[in-house]
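When a ligand or atom number is given, it counts from 1 through the structure's own listing order. All residue numbers in this chain count up from 1 along the given sequence.
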Amino acid sequence: MSSEKTPIPAGSNFIRAIIEKDLSQNKYATKKWAGSPGDAAHQDTGVVDVAKIRTRFPPEPNGYLHIGHAKSIFLNFGLARDFDGICHLRFDDTNPEKESQEYVDSISDAVKWLGFGWNNTNETNLYFASNYFDLMYRAAESLIETGHAYVDEQSADEMRINRGTLTEAGKDSPYRSRSVAENLTRFREMRDGKHADGSMVLRAKIDMASPNINMRDPAIYRVRRAHHHNTGDQWCIYPMYTFAHPIEDALERITHSICTLEFEDQRPFYDWLLERLAEAGLLAHPLPKQYEFARLNLTYVVLSKRKLIQLVEEKHVSGWDDPRLPTLAGARRRGYTPAGFKLFTDRIGVSKADSWIEYTILEDCMREVLNVDAERRIAVLDPIKLVIDNYPAGQSEDCFAPNHPLKPELGKRTVQLTKELWIEREDFMEVPSKGFFRLTPEGMVRLRYGYVVKCTGCEKDADGNVTVVHCEYLPDTKSGTPGSDSVKVKGNIHWVSVAHAYEAEVRLYDRLFKEAHPGEGKHEDGRERDFLDDINQDSVQVITTQLELSLKDAKPEESFQFERHGYFVADKKDSVAGKPVFNRTVTLRDAWQK
Ligand code: ATP
Ligand code: MG
């Protein structure tokens, strides 16, 4: 049933190869093309340089963008950038009920955040499909006039039954042989609000026996009384996606229309429609060509707007930008970075083979980028007090911590050492397990960037929980001084001065789903699983931490490596000046690897 497959050159991005070939054959090399009256791509200059490739990223504004969209954005905008072409951000807003301005805005934000813009050339490359409703209507009338479309008044059920099946041809509608005049009258009545929603549709007249069901007279216009976020109540008929999309591409002079594999079987209709409209003089050659690639499937998340809407509306998460969601707004708050997404999309590549990508690959990309980009800071996430009994009370001294081990040019910062420090609870064990080289009675450890200390014991509460750890320091062993090596120790722990700490809220995020393929398979009693059944109930832990003082000044969206813990970002939304809260972006190592 599927149409001709495009061959994939081994080891390369097949779309890139196609573009290189097209450019080498001068496929688009004509002088500036003056365009047709309806041509959308010459809105500024009146001419279009068709020698350039044009791609588009065409989201429907019916939800926030997710990580799958990032793949499409890097592909489309990336190709345009690499081949000196143009990529349009086009809102495919032909389906009024589910679309809104909030979604339009969030999508624009996400695309800009990933590093792509518009208005940055002498052309405006921001488009709305709803601006072409007049032209789409004209295209529909043109199809009627050339005998390629008819108004069908069968009920939805009749239409479905008469469409046939994969193995059986469909049956012609009794309305299929109406005259052009009759079709035009009916279609205009549809437009003028004379017919009820769902009472009739305009269909392309192709072939009810086609082996490709998409070619069995697909519907192209329907009656729908719905308010549109852009055109208001101007229209009560709306074009179907499969009709609108090729026309949008053609009007914008798109050369390579890149979409996901599920549209492969739509390609014959895409080509059929544009050819008919070109024959009628409404469009000019070269016409856009559609190419399909495999969508991104990522383990442990859901990448479907429908499911994301459900998670948000049913309040399984705090909103579209919840840091656990795979939306780009959520990923941004989580501390994922555009450079990390770029690395990820480069690494997974573009192919025609459907596959699942392990979530750890995405996390590794974020780690790799943050390892280079993020400065180091000290954070005690589960604090317990350490008292250096032989250190003078009231004294404090400077210790020097490098800001970035890979970038000595970023220098060192000062942290204060005092008699009372915060250390991690897990860095002390009264009865050490085998191989434990941190604090334990009589044991020695280095306070990172400070002194070697020897543990002398601990205090406990009535329940036997350790409340304070005691130690003595060895005065000659300060890091960075000649004597620092005189005492060798195996362990090295981080700390924050009690008198110089910033007590802060930190959110430790984990995966939102427990299963790699949420909702797949069956329950033990045979019921189908739902993706909501696989939600990880422990996907966030909010803790009170002790951080080095400089973190008090962290700006929203600034990322750091908290030494020994992972990468953290100052939350974009909940931080206030002088009181940032931090989100864990990713741990230093993968805790899910079995
Ligand atoms: P969803 O399936 O999540 O509802 P969609 O395909 O309906 O998404 P659109 O707004 O139509 O969302 O998507 C805009 C563009 O992003 C389309 O070209 C689509 O092919 C592409 N896209 C959507 N999801 C993915 C994905 N998982 N991987 C790669 N590209 C995607
Ligand atoms: Mg879609």
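Between N62 and ligand 1, no N or O atom pair is found at a separation short of 3.5 Å. On a distance-only criterion, R295 and ligand 1 share at least one N/O pair closer than 3.5 Å. At least one N or O atom of E60, backbone or side chain, sits closer than 3.5 Å to an N or O atom of ligand 1.
When non-hydrogen atoms are compared, ligand 1 lies under 4.0 Å from neither the backbone nor the side chain of R306. Contact annotation for F57 and ligand 1: only side-chain heavy atoms (C-beta onward) come within less than 4.0 Å of the ligand.
With ligand atoms numbered from 1 in the order given, ligand 1 contributes 3 (O) to contacts under 4.0 Å with heavy atoms of L303. Taking every heavy atom of S72 and a limit of under 4.0 angstrom, the matching atoms of ligand 1 come to 16 (O), 21 (C), 30 (N). Against a heavy-atom cut-off of under 4.0 Å, P58 is close to the following atoms of ligand 1: 14 (C), 18 (O). Taking every non-hydrogen atom of G68 and a distance limit under 4.0 Å, the qualifying atoms of ligand 1 come out as 25 (C), 26 (C), 27 (N), 28 (N), 29 (C), 30 (N), 31 (C). Listed by number with element, the atoms of ligand 1 under 4.0 Å from a non-hydrogen atom of P59 are 10 (O), 14 (C).
Checked against the 6.0 Å centroid criterion, the rings of F116 and F77 qualify as a close aromatic pair. For F74 and F341, the gap between ring centers reaches or exceeds 6.0 Å.
Taking the ring centre of Y238 as origin, the terminal cationic atom of R224 falls outside the region bounded by 6.0 Å and 45° from the ring axis.
Looking at D217, its side chain does come within 3.5 Å of a backbone N or O of D207 through a donor-acceptor pair. A distance-only check finds a donor-acceptor pair linking the side chain of D571 to the backbone of K573 [under 3.5 Å].
Using a 30° and 60° split on the angle between ring planes, W272 and H148 fall in the perpendicular class, above 60°.
Between atom 16 (O) of ligand 1 and the options R56, H245, H69, the minimum heavy-atom separation is to H69.
Listed here is the closest heavy atom pair of A284 and R253: O-NH1, 3.2 Å.
Between the side chains of Y509 and R334, no donor-acceptor pair is found at a separation under 3.5 Å.
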